[in-house]
Amino acid sequence: MVGNSLTKTGANLLIEALQKNNINRMYGIVGIPVTDLARLAELRGMKYYGFRREDSAVNAAAATGYLTQKPGVALTVSAPGFLNGLTALAQATKNCFPLIMISGSSERHIIDLSQGDYEGLDQYNAAKPFCKKAYRVDRAEDMGLAVARAIRTAVSGRPGGVYLDIPADTIVQEDDTSDQANLGVYKLVDPAPKQIPNDEAISRAVDLIKNAKKPLIILGKGAAYDRTEKQVQQLVAKTNIPFLPMSMAKGLIPDDSPHSAAAARSLSLRNADVVIVIGARLNWMLSYGNAPQFNPHAKFVQLDIDATQFDSSQPISAPLQGDLKSILDKLVPALLATGYQAPETWLEQIAQDTEKNDKKFAQRIANGKVAQKFGYYGAIAPIAEYFQQHPDTYLVSEGANTLDIGRDMIGMQLPRHRLDTGTWGVMGVGLGYAIAAAVETGKHVVALDGDSAFGFDGMEIETICRYKLPITVVIINNGGIYNGIGQVVPNQLGPTTLDPTARYDLMAKAFGGDNYFVSNYDEMKNTFARAVDSGRPNIINVQIAPSMGKESGHIGNLNPKLNLRPL
Ligand SMILES: Cc1ncc(Cn2c(C)c(CCOP(=O)(O)OP(=O)(O)O)sc2=O)c(N)n1
Ligand SMILES: Nc1ncnc2c1ncn2[C@@H]1O[C@H](COP(=O)(O)OP(=O)(O)O)[C@@H](O)[C@H]1O
Ligand SMILES: [Mg+2]
């Protein structure tokens, strides 16, 4: 039945339900059958951001979820639009970022009889393997409940992506049930209930940590997402236990903290006898907790909301299940009550290694500023200096060498100010994440991209310019994936080669933004702060030598090598 009283249509009930739960932004691309739904959202006061490709819109919704702990909302059309968004929905779920992807779809009976609808696809079932949960709404009267379930599913327990499938018919269908007959739209009570660990689990963990000779804390993006900065800063300050932040946990404790073991990462992992894993997974990024990277005799304490994460790769001697804040609110006082302090000898060992490695790194940066061949260290040094002086700037980064060297060079002082390629190491998330960071926080954002990474979602520079967002996109152009010298056959472009002379910056100019081109340290030094402080959308194209860059950056060991020489 086509709605004649707008207020009772599926579309209107959807928007009302989102707004009732303080969700007032939508990122998407419109078309059949969701164009009027987006228009109605704007008429009802929601802010809709139109993107150039669905995965970027879903990435923006994912970053919103990570930054706000409320699910970001993305809107796509059916079939191809849905499929374009699906990769980002899968990535968000892998990253434990809460979001709701809403896609228009076809009527069940047409799909189930394979009658060949316009952009017909069984989206509801196609989405299931790639999200935390998929829901489909066939009746307008169910919309309030569907939105409530989608929000709660996205943020409770381990956060993740939810797919909400809305057939064209439901969008216009009128809920003609009596107000008594259905739940209408309502505000959820406590969407992400606290989960508090029992005292026995806390005592077990305290007993293990208080006897540690070489304790180490690993902070993951779960600790950043759950806003544990106060608790972890107190834990480290009072016990002197050194910490290692994973990339998106940087800034939970300022990177220049004397307790950071980041510059002594290998030594600290190899020697730690008790490893306290807080909102991180012992996955490929942490060598599954295996030797030789880790001490083969290490004992693990793990804090996580998802109990199935324990013993994923190592025996966990002290599992602590719950939301991280609730766990730490019990664990920290219990540990402090023992008066435990990390042994001085351990801290001295880390400090010496840190001093040695810091000296080497400083030399590399100093050389980079004067090197004949302009490279990453000279290009990124001005960015690192800027972030020291302007800690409340957001950084998004992707690439291989650009990502890895940028991560080591740019210290973060505040939590959740760095977003990057995440657990899967995905290219093409940068501009969607940057847009969400700018929209959700109102702060200046720097997107630090390799030239290949920029190519995945570069058209969103038009979105950035159209909404006049304060985003500076820095593209480190070494002419290729990993570098620009990947030719295999003479006089033929290789599989990893791109254009080392490309002027990506002119894309900003094409859409009314500012563009800058630099090819040495002094030019970068004189340009970067000016570009970011302008608060205008802009691209800085940083041309470095094509020889700069290692295959797969710091994770070249993951690339299977063939002996290509005899060919
Ligand atoms: C969606 C997607 N496609 C391909 C890759 C493979 N890949 C690709 C294509 C990278 C780009 C590296 O080149 P870059 O120019 O962005 O950075 P550097 O040249 O500074 O290393 S890094 C990497 O793992 C990926 N991670 N994600
Ligand atoms: N609110 C939360 N409370 C407790 N654990 C959480 C919360 N949110 C996410 N997590 C957990 O944090 C972990 C994040 O791990 P991961 O994404 O691998 O971090 P990193 O990549 O930084 O090491 C996941 O196992 C997830 O279950
Ligand atoms: Mg490159």
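Residues: numbered from 1 along the sequence shown. Numbering of ligands and ligand atoms starts at 1, following listing order.
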Would you kindly say whether [X] and [Y] are connected by a side-chain donor-acceptor distance under 3.5 Å?
X	Y	value
Ser326	Asp323	yes
Asp408	His554	yes
Gln363	Asn367	yes
Tyr394	Thr441	no
Thr421	Glu398	no
Asp420	Ser397	no
Tyr27	Thr64	yes

Notebook entry, point to check: Taking atom 21 (O) of ligand 2 as the point of reference, which of Met246, Gln69, Lys221 owns the nearest heavy atom?
Noted result: Lys221
Next item on the list: Would you mind finding which of Phe454, Tyr482, Trp424 brings a heavy atom closest to atom 23 (C) of ligand 1?
Entry: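 Answer by nearest heavy atom: Tyr482.
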Side chain or backbone of [X] under 4.0 Å from ligand 2, or both, or neither, by non-hydrogen atoms?
X	result
Leu286	neither
Met285	side chain
Ser247	neither
Ile305	both
Arg158	side chain

For [atom], what is the closest protein heavy atom, and at what distance to 0.1 Å?
atom	answer
atom 25 (O) of ligand 2	Asp304 OD2, 2.6 Å
atom 10 (C) of ligand 1	Met427 CG, 3.7 Å
atom 16 (O) of ligand 1	Ala453 N, 2.9 Å
atom 26 (N) of ligand 1	Gly425 O, 2.8 Å
atom 9 (C) of ligand 1	Ser452 OG, 3.8 Å
atom 17 (O) of ligand 1	Ala400 N, 3.3 Å

Note to self: List ligand 1 atoms under 4.0 Å from Gly399, heavy atoms only on the residue side.
What the structure shows: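 Matching atoms, with element in brackets: 16 (O), 17 (O).
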Give a yes/no verdict on whether any heavy atom in [X] is under 4.0 Å from an atom of ligand 1.
X	value
Gly428	no
Gly480	yes
Asn478	yes

Ignoring hydrogens and angles, tell me if any N or O in the side chain of [X] forms a donor-acceptor pair with the backbone of [Y] under 3.5 Å.
X	Y	result
Asp306	Arg158	no
Ser156	Arg152	yes
Asp226	Lys325	yes
Gln233	Leu252	yes

Note to self: Under a 4.0 angstrom heavy-atom cut-off, which atoms of ligand 2 come close to Arg281?
What the structure shows: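 Taking each heavy atom of Arg281 in turn, ligand 2 has 15 (O), 16 (P), 17 (O), 18 (O), 23 (O), 25 (O) under 4.0 Å.
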Next item on the list: Please could you name the atoms of ligand 2 that Gly279 approaches to less than 4.0 Å, counting only its heavy atoms?
Entry: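 It comes down to these atoms of ligand 2: 12 (O), 13 (C), 14 (C), 15 (O), 19 (O).
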Pick one of side chain, backbone, both or neither for how [X] approaches ligand 1, counting any non-hydrogen atom pair under 4.0 Å.
X	value
Phe456	side chain
Tyr376	side chain
Asn401	both

Note to self: Are the side chains of Val474 and Ile383 in contact, using a 4.5 Å heavy-atom criterion?
What the structure shows: yes
Margin query: Any nitrogen or oxygen of Glu398, side chain or backbone, less than 3.5 Å from one on ligand 1?
Written below: no
Checklist line | Geometric N/O contact Ile481 with ligand 1, under 3.5 angstrom | finding: no
Item checked: Stepwise side-chain contact (heavy atoms from CB on, under 4.5 Å) test for Ile476 and Leu448 -> CA-CA 8 Å; Ile476 308 270; Leu448 175 57; 3.8 Å; yes
Margin query: If you apply the rule salt bridge (Lys or Arg N to Asp or Glu O under 4.0 Å), what do you find for Lys250 with Glu229, and how did you get there?
Written below: CA-CA 11 Å; Lys250 284 167 62 81; Glu229 45 270 23; over 6 Å; no
Margin query: Protein heavy atoms near atom 6 (C) of ligand 1, is at least one of them under 4.0 angstrom away?
Written below: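 No; the ligand atom in question lacks any protein heavy-atom contact below 4.0 Å.
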Next item on the list: Answer yes or no: is there an ion pair linking Arg52 with Glu462, defined by an N-O contact shorter than 4.0 Å?
Entry: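 Between Glu462 and Arg52 there is a salt bridge, with a charged N closer than 4.0 Å to a carboxylate O.
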Notebook entry, point to check: Taking the N/O/S atoms of Asp451 one by one, which is nearest to the Mg ion (ligand 3)?
Noted result: OD1
Check: Hey, what's the angle at the Mg ion (ligand 3) spanning OD1 (Asn478) and O (Gly480), nearest 10 degrees?
Finding: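 Here the angle at the metal atom is close to 90°, to 10°.
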